[in-house]
Number of protein chains: 2
Amino acid sequence: MDPPQRLRDDDADAVFRALADGTRRDILRRTLTGPQSISALAGRYEMSFAAVQKHVTVLDRCGLVEKQRFGKEQLVSARVERIAQASGLLAEFERLWRYRVGRIDLLLDGEPSERASEEHPSTHPSTDP
Amino acid sequence: MDPPQRLRDDDADAVFRALADGTRRDILRRTLTGPQSISALAGRYEMSFAAVQKHVTVLDRCGLVEKQRFGKEQLVSARVERIAQASGLLAEFERLWRYRVGRIDLLLDGEPSERASEEHPSTHPSTDP
DNA sequence: CGTTCGTGCAACCATTTGGTTGTACGTTAG
DNA sequence: CTAACGTACAACCAAATGGTTGCACGAACG
């Protein structure tokens with residue numbers, strides 16, 4: 001439906017780095033099922049409030065969550081489209097790999113192992129200096 | 001087809017951290033379309049050979065690529081199933097979100113916006129200390 | 001044989017990360 | 001008004017990251 005738009009390279013750095021921490025992934029899980037105040041989140045973990053706050057900031061700055069003031073509380077909720085973008089980047093990788101398999105099948109002739117050619121990947125590696 | 005097995009939490013840390021670098025993602029793209037020797041890879045980037053070697057080591061230690069000796073060369077190739085595992089983790093996140101939407105629809109009664117309930121996510125957040 | 005190539009690894013360095021404590025400020029409850 | 005709560009932010013610290021240079025070693029080529 002909505003074309004999820006591709007992640008720019010710097011954004012990909014930030015998003016994957018944000019995902020590379022267990023606490024942050026956990027925060028993301030919680031805020032995916034409903035908005036959570038920062039202090040409610042902080043109560044869940046052993047570490048200090050400030051530490052959790054920092055994790056939320058990291059998630060916020062790369063767009064994986066958004067904060068919304070509600071009186072004195074700040075509600076954190078996950079932005080699923082950002083997750084979808086990261087997911088999409090990995091899907092491109094997988095497509096690239098399937099393309100390779102397709103070429104191998106072609107090279108070995110015979111019959112393709114499983115209709116693996118599908119289509120040329122529209123996204124070139126192309127990061128060629 | 002092949003049940004891709006879920007990423008353990010430490011592995012997820014390592015895999016996402018490895019993905020959080022543009023050079024490493026680029027190496028991954030290149031090795032997805034075919035094995036590359038380390039020095040061939042190193043020739044592609046501005047940085048020193050040792051730096052590229054380190055990036056390959058990072059990718060290797062988290063399982064995103066594998067190295068295979070071939071005479072004096074070491075061929076690096078991507079392991080797509082590892083990418084699929086990371087992809088799968090993100091897919092779980094998205095499922096979690098759809099489940100939330102389902103509950104909201106339920107709460108607001110009316111008719112579900114788009115058959116959004118699908119199924120209860122079998123993977124609990126459950127990381128409750 | 002010696003030389004070159006591809007690799008592995010250690011030492012070093014600047015910057016970032018993930019945590020701490022402490023302080024300050026606006027909002028809500030008594 | 002005062003007290004308590006939720007948040008923001010700065011200063012500080014240990015450890016990890018991402019890069020460098022330099023050296024050692026085995027394989028292949030002349």
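Lettering follows sequence order; numbering is per chain, from 1.
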**Request:** Measure the distance from CD on A/Q74 to P on D/dT7 and round it to the nearest whole Å.
**Result:** 7 Å

**Fill in**
5' to 3', nucleotides 17-30 of chain D under a 4.0 Å protein heavy-atom cut-off (B base, S sugar-phosphate only, - none) gives SSBBB-----SS--

**Request:** Please list, chain by chain and in numerical order, all residues satisfying side chain to side chain contact (heavy atoms under 4.5 Å, CB included) with B/A51, sequence neighbours excluded.
**Result:** B/M47, B/S48

**Set of residues satisfying side chain to side chain donor-acceptor pair (under 3.5 Å) with respect to B/S77, sequence neighbours excluded** = none

**Asked** Taking only residues two or more places apart in sequence or in another chain, which ones pass salt bridge (charged side-chain N to carboxylate O under 4.0 Å, His left out) with A/R24?
**Response** none

**Message:** Of all nucleotides in DNA chain C that come within under 4.0 Å of a heavy atom of chain A, which is furthest toward the 5' end and which toward the 3' end?
**Reply:** C/dT17 to C/dT28

**Which residues share a side chain to side chain donor-acceptor pair (under 3.5 Å) with B/S87, sequence neighbours left out** = A/E94

**Ionic contact status for B/R6 with B/E92, cut-off 4.0 Å** = yes

**Request:** Not counting sequence neighbours, list each pair that qualifies as a side chain to side chain donor-acceptor pair (under 3.5 Å) and has a residue in residues 58-71 of chain B.
**Result:** none

**Asked** Of the residues in residues 61-68 of chain B, which ones touch DNA chain D at a heavy-atom distance under 4.0 Å?
**Response** none

**Prompt:** Checking A/R79 side chain against A/V65 main chain: does a donor-acceptor pair fall under 3.5 Å?
**Reply:** no

**Message:** Just to verify, what does B/S37 make a side chain to side chain contact (heavy atoms under 4.5 Å, CB included) with, not counting sequence neighbours?
**Reply:** B/S39, B/A40, B/E73, B/L75

Donor-acceptor contacts under 3.5 Å from residues 8-18 of chain A side chains, at least two apart:
from	atom 1	to	atom 2	distance (Å)
A/R8	NH2	A/D10	OD2	3.3
A/D9	OD1	B/R25	NH2	3.2
A/D9	OD2	B/R25	NH2	3.4
A/D13	OD1	B/G22	N	3.4
A/D13	OD1	B/R25	NH1	2.9
A/D13	OD1	B/R25	NH2	2.7
A/R17	NH2	B/A20	O	3.4

**Item:** Contact check, side chains of B/L19 and A/L90, non-hydrogen atoms, under 4.5 Å
**Value:** yes

